[in-house]
There are 4 protein chains.
Amino acid sequence: MARNPKLKSASHALVGKIKSTVDDPRLVERRRAQITEAAINVFSKIGYYSATIRDVANKANVSVGLIYQYVEDKEDLLFLALIEILDAYKRQIPVALEGIEDPLRRFCSAVSTYCSVHGRSVDATVLAYRETASLSKPRRNVIKQMEIETNEMLAACVRDCITAGSFDEDTDIEFLCYQAIMFSHAWALKSWNFGSRMTVDEYVDRGLALMLHGVLTSKGSRQIRQINESNASGKHHAARASAAA
Amino acid sequence: MARNPKLKSASHALVGKIKSTVDDPRLVERRRAQITEAAINVFSKIGYYSATIRDVANKANVSVGLIYQYVEDKEDLLFLALIEILDAYKRQIPVALEGIEDPLRRFCSAVSTYCSVHGRSVDATVLAYRETASLSKPRRNVIKQMEIETNEMLAACVRDCITAGSFDEDTDIEFLCYQAIMFSHAWALKSWNFGSRMTVDEYVDRGLALMLHGVLTSKGSRQIRQINESNASGKHHAARASAAA
Amino acid sequence: MARNPKLKSASHALVGKIKSTVDDPRLVERRRAQITEAAINVFSKIGYYSATIRDVANKANVSVGLIYQYVEDKEDLLFLALIEILDAYKRQIPVALEGIEDPLRRFCSAVSTYCSVHGRSVDATVLAYRETASLSKPRRNVIKQMEIETNEMLAACVRDCITAGSFDEDTDIEFLCYQAIMFSHAWALKSWNFGSRMTVDEYVDRGLALMLHGVLTSKGSRQIRQINESNASGKHHAARASAAA
Amino acid sequence: MARNPKLKSASHALVGKIKSTVDDPRLVERRRAQITEAAINVFSKIGYYSATIRDVANKANVSVGLIYQYVEDKEDLLFLALIEILDAYKRQIPVALEGIEDPLRRFCSAVSTYCSVHGRSVDATVLAYRETASLSKPRRNVIKQMEIETNEMLAACVRDCITAGSFDEDTDIEFLCYQAIMFSHAWALKSWNFGSRMTVDEYVDRGLALMLHGVLTSKGSRQIRQINESNASGKHHAARASAAA
DNA sequence: TATGAATGAGGTTTCATTCAT
DNA sequence: AATGAATGAAACCTCATTCAT
């Protein structure tokens, strides 16, 4: 039941469209990663428009000119940053689901990972939210498409839950997924409001409880109770896991 | 049971801190409204940073210089815009609740209004999301405070529902409110994804159904069924109402 | 036999295409003249590419920003400069011919003026020669067209000479005009080589002598001798005239 | 009566002043020729300032770094290009005069060659005109000196014509030479205007006719008629010759 | 000797802000 | 009070030049 994690190529193709004066593809990849990392950092902190190319260059410990050998535009920098952020989801969720067989647990894990990936770098997610609009239309569409693809990973979990009889047969899959995703985004967007009151894990637990009431079958409800119990006893492990992420 | 709508003064006090070279307070208010209107319009469309003062001046049919007689900064413009947007919520929700006695209906109406106010000008809400971070820290806090105050109107509805026995006694009020608000924001933020698939009303209905399952008492469940039935028969009215908004 | 000097409008129309953020047409005209003057000066001395906008701004005693309110591009500056240079010819030649009736004298005066206008600002002419190629193709064509129009003023003189029987009937008008114009450009282009050896007047006299041998009729030859004699006695006047130009 | 063609050394000495990090003189010469060729090509097409070192490197199929091992400056590249262009004249004219004994024919051939060399690469000549001013003063003087030396080859022809009694004894040699040279440059500079109306040969014929009227003795006039007649019958040969050039 | 990635000074351009009218 | 021309700091981006390999 393990899914194919070979999703890397999609964004690779997009990034490949950005022109570079440097030939060696290894170097291009390494430098771009270095620059993108810095860009995410800087943009997250002070915003895309406030950040200067020099800010990014300094953060990346390279010269301004170097950046322009791997990127055509300042907008390219934003594009690379957003792609990397969205890509992180696509890479992390399959990892989190690895080894988990039970569909309901898979769903819960996926939601939890969504929140945690956000939590790892709240600023980056907020960046994705704030600045997608600053892109050109075609690129904005690329980002939207990536979001949709990521969301599909969650939808697959939901479908499995229905097949397994844990969720109602007439569950509106898309709608449920969307609420789950918004729920996790909310953590990132408004962590200034919630962060002080609860941990991510508590946040996820409560959110799942709220959302699932509407879709759980009686069998599903029983399972959830078991899951919560085992989670409670395995808290140490969970804590460690989320810290490592 | 009508709440005090005299909240206007709060933002007024804040706006009052913005210096103007013009003395006549009537004129200041009128001009600021004119300029703010234009600012919301322009910022919503092309973003705060991309918009120039001249853009705003043109939209407002005034000169660039005039703006600087009612505002100190470009940031002031953003601040005024965001305050006006948030203020609209505070003004509209009490109006929507007027005359409704039943707490559960009040709650549903409030959520619906949240979404609809957004819907009236999706761009403006997105603006609030995107650009709050562009403010100076103290002003960002002011905006956050305003959000919290607005949310309190929803919290009051929830408390009434608990008192009336429609919601569980151990409902996490803040958490529920927050999810409801995120739910309505989601409509604005992602209407590009959902707008084509359903109307605001459908969106609200489904969302409430999902969220409330977790908190409704058996009494509450019965009420909801009644509400939905009466809504169904009163669709014309609802349609007209949302069209007028 | 006086020609219509109302040629100003042609270049005016072209200049009008350049966008300005300033509304008052009087001011635009005055500022553009001021800036163009400075641009000609600076570009002539150090070349279009070596000159910076700041150089031009300093020379014109205005700020850098001001220039960009009257001009879109650095290229606009070059365009304005070249148009002004070519326009000077169109303005000066009719003035020089004013009051002269005899066609042969008119022709000689025209050639002399060509050289003198150059002489007034050799650098400007060299600029026109060097930098026309730096313009975009459509603008390069505009400049070419202006040159052709200017040349036409000389061609008219030649035609009159033929009609009056001073030049051979089978004179190749275009070719003769072109050589005359090249001859005057040569003075500008290579004045570093000739300037030390003779005055403009001497240069023109010799050049005309050389060129006209091929086209003068016997009547024309007689006239030329008279002209040269009267010129010799009227040297003072001529000197003053060329100084005033 | 053949002149010494050993003029190569002059420019060689100049080029020798340009420092190179490479020792082997053979290699230096070969590489410089390769680079200069590319530079002429690129500069001619898009101008000295618009062209980048990388453009030249690409055209020459070498790396950017390699260029800087044979040249100190971008200006060196221009200098090399201009020297090569002027040198081509010095090399070609003696070749064209080879075997021609009659002084008047030699003069006509020389003028024709001037135009034709230009014609071979109009762009290169225009380059020489436009960009000489972009050089440092000492180097500009070097180029001027080279022009003067080249012109001297024409002057020698004129002197021979005078000695042979074909030209008036009081011919102003320098002035005539200069006009002849300007005449040939004109072809290059304004070929956009003339190129469509006549061939180089026609252009030269007409120009010589015009210029020589003023200096030909009666003997010279007779010779010219003969030359023109023989030219007319030898058109095939001439056509082939100009094609080969 | 040849390469091409890296540097950073400097140019063009924008636009928030001022101020004379 | 209202206008809009003028200012100039600061941003993006280019490209000649260097230098490690």
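The shown structure was predicted, so the numbers you read here are calculated from the model rather than taken from an experiment. First the proteins, then the strands, lettered A, B, ... as listed; each starts at 1.
- OP1 and OP2 of dC15(E) both lie 4.0 Å or more from every side-chain N or O belonging to Y68(C).
- Heavy atoms of Y70(B) sit under 4.0 angstrom from primed sugar atoms or phosphate atoms, though from no base atom.
- Residue-to-nucleotide proximity on DNA chain E shows that, of E75(C) and V64(B), the 5′-proximal contact is made by E75(C).
- Rounded to a whole Å, the CG atom of L27(C) is 12 Å from the P atom of dG4(F).
- Atom CZ of R54(D) is surrounded by 12 or fewer heavy atoms from other residues, nucleotides or ligands within 6.0 Å.
- Within 4.0 Å (heavy atoms only), D24(B) reaches no atom of the nucleic acid at all.
- Map S50(A) and G65(B) each onto its nearest nucleotide of DNA chain F; the residue landing nearer the 5' end is G65(B).
- With dT13(E), dA5(F), dT17(F) as the candidates, the nucleotide lying closest to the side chain of D23(C) is dA5(F).
- Distance CD (Q34(D)) to C1' (dA2(E)): 12 Å, rounded to an integer number of Å.
- Using a 4.0 Å heavy-atom distance criterion, A51(D) is classed as a sugar-phosphate-only contact.
- Between the CG atom of L66(A) and the P atom of dA9(E) there is a distance of 16 Å, rounded to whole Å.
- Closest to the S63(D) side chain, of the nucleotides dA2(E), dT7(F), dA5(E), is dA2(E).
- The base-pairing partner of dA20(F), taking Watson-Crick or G-U wobble contacts with both distances under 3.5 Å, is dT3(E).
- Side chains of Y68(D) and T21(D): no donor on one and acceptor on the other come within 3.5 Å.
- Note on D76(C) versus R139(C): salt bridge recorded, some NZ/NE/NH1/NH2 to OD/OE distance being below 4.0 Å.
- Here I143(D) contributes atom CD1 and L135(D) contributes atom CG; the two are 6.0 Å apart, rounded to the nearest 0.5 Å.
- Rounded to a whole Å, the CD1 atom of I67(A) is 14 Å from the C1' atom of dT14(F).
- Between R54(A) atom CZ and dT7(E) atom C1' the separation is 11 Å, expressed in whole Å.
- A straight line from CG of L77(D) to C1' of dT17(F) spans 13 Å, rounded to a whole angstrom.
- Heavy-atom nearest nucleotides on DNA chain F were determined for N61(B) and for E72(A), and the one closer to the 5' end corresponds to N61(B).
- Using a 4.0 Å cut-off between a side-chain N of Lys or Arg and a carboxylate O of Asp or Glu, D123(C) and R130(C) do not qualify as a salt bridge.
- I35(D) places its CD1 atom 13 Å from the C1' atom of dT3(E), with the value rounded to the nearest Å.
- Among the atoms of the strands shown, only primed sugar atoms or phosphate atoms (P, OP1, OP2) are found under 4.0 Å from some heavy atom of V22(C).
- In this structure, the nucleotide among dA1(F), dG8(E), dT3(F) sitting nearest to the side chain of V62(B) is dT3(F).
- Separating the CD atom of Q69(A) from the P atom of dC13(F) is a distance of 15 Å, rounded to the nearest angstrom.
- Considering only residues two or more places apart in sequence or on other chains, T52(C) meets the side chain to side chain donor-acceptor pair (under 3.5 Å) condition with D55(C).
- The phosphate of dA6(E) (OP1 or OP2) has a side-chain N or O of R31(A) nearer than 4.0 angstrom.
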